[in-house]
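Worksheet: the structure to be examined is printed underneath.
Just so it is clear, the values below take in all heavy atoms, side chains as well, and ignore hydrogens, waters and symmetry mates. Each chain gets a letter, A, B and so on, in the order its sequence line appears, and its residues count up from 1.
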Number of protein chains: 2
Amino acid sequence: MTYTIKEVAAKTGLSIYTLRYYDQAGLLPFVSRNTAGYREFTDGDLQLIHTITCLKTTGMPLAKIRQYMTEVMQGPATIPQRQQLLSEHRQAVLAQQAQIQQSLQELDLKLAIYQHPAAVTFVNAELSAIQAEKVANGLPNPFKK
Amino acid sequence: MTYTIKEVAAKTGLSIYTLRYYDQAGLLPFVSRNTAGYREFTDGDLQLIHTITCLKTTGMPLAKIRQYMTEVMQGPATIPQRQQLLSEHRQAVLAQQAQIQQSLQELDLKLAIYQHPAAVTFVNAELSAIQAEKVANGLPNPFKK
DNA sequence: GCTTGCCCTTGAGTATACTCGAGGGTTTAT
DNA sequence: ATAAACCCTCGAGTATACTCAAGGGCAAGC
């Protein structure tokens, strides 16, 4: 059982264009062609594409993903490299998650202010303070009142 | 007390180029200019820039950030719009976090396999299975071994 | 008062990741 | 056997977010 590129697009959510682009970019060195030159995807290929989307979801650039897939193609000899690549990436993802978490909390705070009954008062106060700061420094007021 | 663009770059971690780019893109409508045409940043401006980086960290595109900052400039009348923009973004961030978390767990699994004493065996088995699948479908084997 | 360093704008260049149209071969269903 | 639907490559186009060089004005120290 093999799949056409259209079927793979439907299964993965990636567009046909994207799949071809990935192939051309060297992310899919495992995909075989039939005699007509058509790509034929196996279930194992889908697994590997799933790994690619995991890496992409976590923000890995295509060039790094390509490197990883190339190493996968070379068999067990590249396990140390893959291990390093993935564990470095893991650290980056953890850091990124922490940053997002922090920013999210600050946004939640802003939302809480907007939802407060006295939101208008708060917002006005904040706006006035910033404008006063400009005036105090002899600067033009960029706020249209 | 005001800051030059260079000082703001140092304080925020954004490059001078990026700050100017953001200004030109309409993300910094609050920044005043002195008589020479130089940007002069106040502490309040730094706060607003911090909000921008929070939005950016959480993946908001610059066009949306610009919209938000424009609304901020217009005072309390735009609180409902801002609320909607932020709460929609909040939902997107939560979804994104969940996706990252899921992908991260799958990557952790891969790492665990690579760290296992029998990693070579596992990797070889997986590779063989994929190659067997190709052969079973009469496809060329794209693996060099 | 002059050099050095900082600021400005404008416009072009870069990187990344797609997205699509043209032109042409293949497969499938009628 | 032929039209519709699908596949291919290649090259160009788009979107986003910077990044930088050129050319020129301003400012602070010696």
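- For the pair A:Gln24 CD and C:dC20 P, the interatomic distance rounds to 16 Å; values are reported in whole Å.
- Rounded to whole angstrom, the span from the CD1 atom of B:Ile16 across to the P atom of C:dC8 amounts to 8 Å.
- Between A:Tyr38 and B:Glu7, the residue anchored nearer the 5' end of DNA chain C, judged by the nucleotide with its closest heavy atom, is B:Glu7.
- Taking every nucleotide of DNA chain D with any atom under 4.0 Å from a non-hydrogen atom of chain A, the first and last of them, 5' to 3', are D:dC6 to D:dT9.
- In this entry the distance linking CG of A:Asp23 with P of C:dC18 reads 14 Å, nearest Å.
- Rounded to an integer number of Å, the gap from B:Leu28 CG to C:dT9 P is 12 Å.
- A donor atom on one side chain and an acceptor atom on the other are found under 3.5 Å apart for B:Tyr114 and A:Arg82.
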*Where do A:Glu88 and A:Gln84 land on the side-chain hydrogen bond (donor to acceptor under 3.5 Å, both in side chains) test, with the steps shown first?*
CA-CA 6 Å; A:Glu88 275 173 10; A:Gln84 196 191 340; 2.9 Å; yes
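- A donor-acceptor pair is defined here as one N or O able to donate and one able to accept, closer than 3.5 Å; no such pair exists between the side chain of B:Ser103 and the backbone of B:Ile100.
- Across the interface with DNA chain C, nearest-nucleotide mapping of A:Ala36 and A:Tyr17 shows A:Tyr17 to be the residue nearer the 5′ end.
- Between the A:Glu133 side chain and the B:Gly44 main chain, a donor and an acceptor come within less than 3.5 Å of each other.
- Atoms CG (A:Leu19) and P (C:dT19) sit 11 Å apart, rounded to a whole Å.
- A donor-acceptor distance shorter than 3.5 angstrom exists from the side chain of A:Ser128 to the backbone of A:Asn124, with no hydrogens or angles considered.
- Atom CG of B:Asn34 and atom P of C:dC8 are 9 Å apart (whole Å).
- Phosphate proximity of C:dC7 to B:Arg39: absent, as no side-chain N or O sits under 4.0 Å from OP1 or OP2.
- Listed here is the closest heavy atom pair of B:Pro29 and B:Gly26: CD-O, 3.5 Å.
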